[in-house]
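Here is the structure we will look at.
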Amino acid sequence: MTHSLKLGLQASAILFASVLTTGCNRADDPGLEYAPQMYESIPYDPLRQFDVNTINPMGINERTPVVGTVPMGKLNYYSHIPKDSVGIAERVLKNPYSYTKDNLQEGQVLYVRNCQHCHGEQGDGQGPVGVKFKGVPNYSAGAYKTMNDGHIYHVIQWGRNRMMPHGSQVNPSERWKIAMYVRMLQEGKGPDGLSDFLKAKGQDAGQTSESTDSQNQGPVQEAQADKASATPGQGGTEARNGTNKSSETANPQN
């Protein structure tokens, strides 16, 4: 009887090992699933693929968007100006923001973060990268001194010559504010020329702007458009993209 028990245990161990080996053969095989309809949607789910879709092209649930489709809240990401058409950008694109102290200071922060390593603190092309690789322009010299906001915005978005595009790093609102700060650097006074530049624009150096208030323009993990979406966040007056609701009041009457 002891011998029979030993043989039985050995056979059980061999069977158990074979089951484990078979079960671990494919990492993507969940094995037997009880009542799969409880986990997998019978109707087609565009964000989940369980089986081949026999209706849609390529057998996938999600359909390819119509050509020219723009995601909700992202219209300002599409200027429809070809990337090499800087002249058109100069004539067509207009900065929607005012030259205020807050806007310029925000532009300075963005410039330091995204541009200064090449273009330098003074905008003279003497940043660490610019010094090493040469050829970075001086904003206050030659034709660069007359670049307008639309020109600068377009180059930030698409790049030009050796400059790579930065459209994926900074959203439209941020591009405009960087362009404003670059316009200040064109004066050749560096960051210290902020007050003089504001006076030349007819602005008070202490003036603030609601459009750059930290409560309205704080970044939310990724670049956002500068317009609220059609479905802003619930429970307040601030949308997920950092802008205010325009159709609701902050203190409704009871």
Side-chain angles (χ1 to χ4, degrees), residues 12-83 93 96 106 109-110 113-114 153-154 156-159 164-178 211 213-250 252:
S12 298
I14 293 172
L15 179 62
F16 181 69
S18 63
V19 170
L20 288 179
T21 303
T22 304
C24 298
N25 188 34
R26 288 185 55 190
D28 61 343
D29 186 356
L32 182 63
E33 186 177 25
Y34 175 74
Q37 292 83 0
M38 297 180 65
Y39 306 96
E40 305 296 344
S41 173
I42 295 177
Y44 293 129
D45 185 346
L47 300 181
R48 184 171 175 84
Q49 189 76 34
F50 173 64
D51 204 351
V52 176
N53 187 317
T54 59
I55 299 175
N56 289 349
M58 297 181 290
I60 62 175
N61 291 341
E62 189 173 13
R63 300 298 298 268
T64 304
V66 177
V67 175
T69 299
V70 177
M72 182 177 294
K74 302 295 183 180
L75 182 60
N76 282 354
Y77 279 81
Y78 300 87
S79 63
H80 303 290
I81 298 177
K83 62 180 181 179
L93 298 181
E106 186 172 346
V109 171
L110 294 165
R113 186 182 302 161
N114 297 282
Y153 177 97
H154 190 76
I156 292 173
Q157 179 180 4
W158 293 108
M164 299 298 291
H166 286 65
S168 61
Q169 285 97 314
V170 288
N171 65 43
S173 171
E174 293 169 338
R175 294 173 210 161
W176 284 122
K177 290 167 185 175
I178 293 174
S211 65
D213 190 292
S214 60
Q215 298 299 318
N216 298 327
Q217 292 293 327
V220 185
Q221 297 181 345
E222 59 182 0
Q224 319 98 38
D226 61 353
K227 298 290 184 182
S229 68
T231 55
Q234 303 299 317
T237 59
E238 185 174 318
R240 285 294 303 276
N241 62 357
T243 56
N244 287 336
K245 295 181 185 178
S246 59
S247 60
E248 298 181 13
T249 57

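Each salt bridge (charged side-chain N to carboxylate O under 4.0 Å, His left out) pair with one or both residues in residues 58-71, not counting sequence neighbours, would appear here, but there are none.
A donor-acceptor distance shorter than 3.5 angstrom exists from the side chain of Arg175 to the backbone of Val170, with no hydrogens or angles considered.
Distance check: Ser168 OG to Gln157 CD gives 10.5 Å after rounding to the nearest 0.5 Å.
Side-chain atoms of Glu174 and Asn171, non-hydrogen and from C-beta on, do get closer than 4.5 Å to each other. Side-chain contact check for Trp176 versus Leu93: some heavy-atom pair is nearer than 4.5 Å. The side-chain heavy atoms of Trp158 and Pro82, taken from C-beta on, include no pair separated by under 4.5 Å.
In this structure, Pro46 has no side-chain contact (heavy atoms from CB on, under 4.5 Å) partners at least two apart in sequence or on a different chain. Take Ile55 and apply the side-chain contact (heavy atoms from CB on, under 4.5 Å) test, not counting sequence neighbours, and it matches Tyr44, Asn53.
When all heavy atoms of Asp45 and Asn61 are compared, the pair lying nearest together is O-ND2, 3.1 Å. Annotation for Asn114 and His166: closest pair O-NE2, 4.1 Å, computed over non-hydrogen atoms. The nearest pair of heavy atoms linking Lys177 to Leu110 is CB-CD1, 4.5 Å.
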